[in-house]
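Right, one structure below, let's go through it.
No experiment lies behind these values; they were computed from the predicted model shown. The chains referred to below are lettered A, B, ... by the order of the sequence lines, with proteins before strands, and numbering in each begins at 1.
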There are 2 protein chains.
Amino acid sequence: MVFISSNFSFLFCQIGKFCIFDHMEQNRPNHKLIYYFSKWTDISEEAEKIILSAFEPQFIKKKKDLLVVNDVCNYLYFITDGCMRSYYVDEKGGEHIFQIRMDNNWISDLESFFSNRPSHYYIEALENTHYLRISKERLEQLYIEVPSLERYFRILFQKAYVNSLKRLNATMWEPASDRYNEMLKEHPEMFQRVPLVYIASYLGITPESLSRIRKKK
Amino acid sequence: MVFISSNFSFLFCQIGKFCIFDHMEQNRPNHKLIYYFSKWTDISEEAEKIILSAFEPQFIKKKKDLLVVNDVCNYLYFITDGCMRSYYVDEKGGEHIFQIRMDNNWISDLESFFSNRPSHYYIEALENTHYLRISKERLEQLYIEVPSLERYFRILFQKAYVNSLKRLNATMWEPASDRYNEMLKEHPEMFQRVPLVYIASYLGITPESLSRIRKKK
DNA sequence: TGTAATTCTTAACATAGGTCAAGTAGATTA
DNA sequence: TAATCTACTTGACCTATGTTAAGAATTACA
């Protein structure tokens, strides 16, 4: 695959991630958020204060659910430190993971969030995780108070959509071994923090298949 | 599949399509566009004029290319009447269709459009097609002249992203026959206008497999 | 520290869907 | 009207991946 194999980074759709924040103070996590906003749009000092007050810092323990099926997803979540997965459960009880997100990434069920309808998904913490959250009402208000945020989210969703289409093409037309190899290359840190069972599901295969792929290398 | 089978409409990701325009005058296609904008955001009469002047009405004949690989995609296209497909070609020469769009839908290569980098894709007319187009420069300017457009596109991409993730889940975890049946239910018009070869590719299978699925029914 | 739970691997077998090759039926063109 | 094309189908065979079941290695916990 000529162009697909050149960059499989979309395999994680890790929207909004651009640099490491080791130099930042650990206890001012909101500043990471502002940094990302300011990458794509202008944020005045005034606006910065408003934004920081709109997001609530939260914590969740490993293996706890942030969202369960049939609940409305009331928040947009920005992971400052930790790891989450979102998945659905089919009628035979099988779990299908479609998102794994780590530090400095957004996670939510956008469909439920924007429609106020019950979610079909679960969101679960894979590690003890610190995150920021904002409710739909507060976000709508924020779009009015800080109009340039609309631009940030327009660009965020635009990129997320493009990445998702690439991942779709790879899933349809690339063999699982290629998807695995490129993921290994683009996201080695993932393999240190996330069990292979989950990575297999994310890639659209069974853990047994992933095991075979890894053996062949 | 409990929730997926309840609505496969995302299989077409026909973002922005909400109603039929039979009642509209055929020769004022731009008004369809305004109608869609005004569904999600407020458009003043003033803004309407600016928008209408920013989009150029165009026409392309069946089988002609709107975009070819390695060209930069300079426009966002809104199909007012007709049908297009976008696809890429793998190193063995195989074509893989990932979008089929008909009346009142957007089509483009967003990645190339926003990055100004050469596209990996083709966009081809499957019918004689009337469409509107806007360049990146003009759109950036329009975001400034009509800020509420940023909101429209934020919502458009947000929905497109959600649909794309659902299509990804269906592709990974649902059998091809289910995807076919639901597409037939949700988009029967597609089968009147688009050859099965293309629909097969869109569903991620070969024409032979689609033929077998259709036979079994 | 021992037991249970997770995580990962392996092997035998099953199956959906791909590949190749041929053939039919309409539509298009000479 | 014959000759091509294009769209679609069919059949034989193949392969990647799923399924089931078992076991090893690691981690958590009582």
Options [options], nucleotide nearest the side-chain atoms of [X]:
X: A:Ile205; options: C:dT10, D:dG18, C:dT19; result: D:dG18
X: A:Ser209; options: D:dT17, D:dT10, D:dC8; result: D:dT17
X: B:Ser211; options: C:dT9, D:dT17, D:dT10; result: D:dT10
X: B:Pro207; options: C:dT10, D:dT9, D:dT17; result: D:dT9
X: B:Glu208; options: D:dG18, C:dT19, C:dT7; result: C:dT19

Residues forming a side chain to side chain donor-acceptor pair (under 3.5 Å) with B:His96, sequence neighbours excluded: B:Asp90
More than 12 heavy atoms of other residues, nucleotides or ligands under 6.0 Å from CZ of B:Arg193: yes or no?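 Yes - once you tally the heavy atoms of other residues, nucleotides and ligands closer than 6.0 Å, there are more than 12.
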When the distance from [atom1] of [X] to [atom2] of [N] is rounded to whole Å, what number comes out?
X: A:Tyr180; N: C:dT9; atom1: OH; atom2: C1'; result: 13 Å
X: B:Lys62; N: C:dT28; atom1: NZ; atom2: P; result: 7 Å
X: A:Glu127; N: D:dA28; atom1: CD; atom2: P; result: 13 Å
X: A:Tyr198; N: C:dC8; atom1: OH; atom2: P; result: 9 Å
X: B:Ile213; N: C:dT15; atom1: CD1; atom2: P; result: 17 Å
X: B:Leu203; N: C:dA16; atom1: CG; atom2: C1'; result: 15 Å
X: B:Glu174; N: C:dG17; atom1: CD; atom2: C1'; result: 16 Å
X: A:Leu210; N: C:dC8; atom1: CG; atom2: P; result: 9 Å

Please confirm whether the shortest side-chain N or O distance from [X] to OP1 or OP2 of [N] is below 4.0 Å.
X: A:Lys63; N: C:dT6; result: no
X: A:Thr206; N: D:dG18; result: yes
X: A:Arg212; N: C:dT10; result: no

Could you tell me if B:Arg167 sits above the aromatic ring of B:Phe98, with its cationic atom closer than 6.0 Å to the ring centre and no more than 45 degrees from the axis?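 So B:Arg167 doesn't make the cation-pi contact.
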Within the structure shown, what part of the strands sits under 4.0 Å from B:Gly204 by heavy-atom distance: base, sugar-phosphate, or nothing? sugar-phosphate
Any Lys/Arg nitrogen of A:Arg138 or A:Glu56 sitting under 4.0 Å from an Asp/Glu carboxylate oxygen of the other? no
Please give me the minimum heavy-atom distance between B:Glu189 and B:Met102, naming the atom from each residue.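 The answer is CG-CE, 3.4 Å.
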